[in-house]
2 protein chains.
Amino acid sequence: MIPLGASAPRATLADYVVQVIREKTATGELRPGEHLREAELATALGVSRGPVREALAILEAEGQVEIRRHRGAFVSVLTQRDVEEVHSLRAAVETLAAERAVTRLSPAHLAEMDRILQAMKVTPGSVEPQEAVRLDLAFHDVIYDAADHARLRRVWTSIRSQVAFFLHTRNVNFPDFPTVGFPEHHELRTVLSGGDAQAARSAVEKHMTGSYSRLRQLQLPAGSEDDRP
Amino acid sequence: MIPLGASAPRATLADYVVQVIREKTATGELRPGEHLREAELATALGVSRGPVREALAILEAEGQVEIRRHRGAFVSVLTQRDVEEVHSLRAAVETLAAERAVTRLSPAHLAEMDRILQAMKVTPGSVEPQEAVRLDLAFHDVIYDAADHARLRRVWTSIRSQVAFFLHTRNVNFPDFPTVGFPEHHELRTVLSGGDAQAARSAVEKHMTGSYSRLRQLQLPAGSEDDRP
DNA sequence: CCGCCGTAGATTGTCAACAATCTACTGTCT
DNA sequence: AGACAGTAGATTGTTGACAATCTACGGCGG
């Protein structure tokens, strides 16, 4: 479940809350625009408001939630503009990640990739959308892990659950994707293990472009971010 | 002082603490590896430990400080490796920022750039290093502001004070830089206002490469991150 | 009937105290 | 003398309570 080389230097209650909220926003259980009440979260998770506040502050720094003074935290609403932002940022950082990964891929990384590809391949087309998303993200986790770049990984985790949300909604709306997932990622693996940094950049760029074109087909709120009652 | 279009949707004590610590790390007043005691900070800033904890959690999410369970927060030590990380990440995001900026630069942005360039030019070579850093960063702030990309700006603010620290140390060690600052940034302005996205990418890439080669001359801790007593 | 103002409830921002854990020092044993 | 265990102090993690602020509802006036 934990990406790979992620250590746990700080296992505090606040981190636990962060993790829970990240997962719930990724799966869509916490919908964009939803009001996150501190006391509510605290009792639901069996902790006090202190750690919850810390967690919300962290999530705000990552852009996952929006905090308004004396009004509370709201799950960030994802507009068409956000799709574009997340995509362009992801393309920028993931090309760098790929470039670095080609010279740093260990046998363990390759094995992990193959394991994930195997799972992508064997699962029939009618796989649960959530599982397809999990595999997709896991594959890219390996790339970032191989890149061995702490700040790059931080950026990735900051957009990761938003990417997850996009992929999830798309998989639900266009159930044909899981069949496309395998060949695309398999090609990525081939290029990455090839050792050509420039080729890796191009491959990721292409992968991102394809991913974006599919994402654009989604119907998302277009304009401003006022969805709350 | 505030970059440009930065609004203040949340002016809480925690944000105040974050801002103070950012500044103090940028100027080097808070040295890498230093132990940040919550109670100490709280009394020094005239607030309680609650906001301080929130602030430290935010700064940890941005990688500015490192928190160890039951041991506290330490200002992240910047090794040669960190110089490389910050540089590569900055290059990746700033090329994107420049690409977007060329089609979004408003007259106000250009005026702001010119104002900064003017200041860079008129100040004689023996300007205070701190002022030179301020101008340098301010110039790039304008680029990110023109890029109009919330997530991109977040990444920038997360590495901004580390960049500031690097620039500061370099200006102190190599006092000739302030004379190079003007022409380099002037060229950037010219290309950005030209309207060619690809040219803007290349220009920023070149600017970054030059910046990195100068940064590498610094003597920084090379290996692991244990500098504390 | 519609709009404005005031109040009550709810929610967040902040604080001070308690509990858990770590670090450093001291004393003892080999 | 050197090394190890035990203890005291300091520091962080967490909690519950208090104060400031916002939202929603109801009454009043036009």
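Letters A, B, ... are given to chains in the order of the sequence lines, protein chains preceding strands, and every chain is numbered from 1.
The neighbour count for Arg31(A) CZ, taken as heavy atoms of other residues, nucleotides or ligands under 6.0 Å away, does not exceed 12.
The side chain of Thr12(B) contributes no N or O atom lying less than 4.0 Å from OP1 or OP2 of dT12(C). For Arg53(A), a side-chain nitrogen or oxygen approaches OP1 or OP2 of dG13(C) to under 4.0 Å. For the OP1/OP2 pair of dT12(C) and a distance below 4.0 Å, the side-chain nitrogens and oxygens of Arg71(A) include no atom meeting the criterion.
When distances are taken from the side chain of His35(B) to each of dT11(D), dT14(D), dG13(C), the shortest belongs to dT11(D). For Ser48(B), taking side-chain heavy atoms from C-beta onward, the closest of the listed nucleotides dC15(C), dT12(D), dT15(D) is dC15(C). The side chain of His70(A) has dT21(D) as its nearest neighbour among dT14(C), dT21(D), dT15(D).
A salt bridge does not link Arg153(B) to Glu85(A): none of the charged nitrogens lies less than 4.0 Å from a carboxylate oxygen.
Look at CZ on Phe74(B): it is 13 Å from P on dC22(C), rounded to the nearest Å. Atom-to-atom, CZ of Arg49(B) to C1' of dA20(C) comes out at 12 Å; the value is rounded to the nearest Å. One atom, CG of Leu36(B), and another, P of dG13(D), lie 13 Å apart when rounded to the nearest Å. What separates CZ of Arg69(A) from P of dA19(D) is a distance of 18 Å, to the nearest Å. Protein atom CZ of Arg37(A) is 11 Å distant from nucleotide atom C1' of dT23(D), rounded to whole Å. Atom C1' of nucleotide dC15(C) and atom OH of Tyr16(B) are separated by 17 Å, given to the nearest angstrom. For the pair Glu54(A) CD and dG13(C) P, the interatomic distance rounds to 14 Å; values are reported in whole Å. Between Glu38(B) atom CD and dA17(C) atom C1' the separation is 15 Å, expressed in whole Å.
Residues Gly63(A) and Ser76(A) come closest through the heavy atom pair O-OG, 2.9 Å.
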With salt bridge (Lys or Arg N to Asp or Glu O under 4.0 Å) as the criterion, how do Arg151(A) and Glu62(B) come out once you've worked through the C-alpha distance, each side chain's angles and the decisive distance to 0.1 Å?
CA-CA 8 Å; Arg151(A) 287 161 181 82; Glu62(B) 293 179 1; over 6 Å; no
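With contacts defined as side-chain heavy-atom distances shorter than 4.5 Å, the pair His168(A)/Thr27(A) does not qualify.
Within the 4.0 angstrom heavy-atom criterion, no nucleotide atom of any strand lies near Gly50(B).
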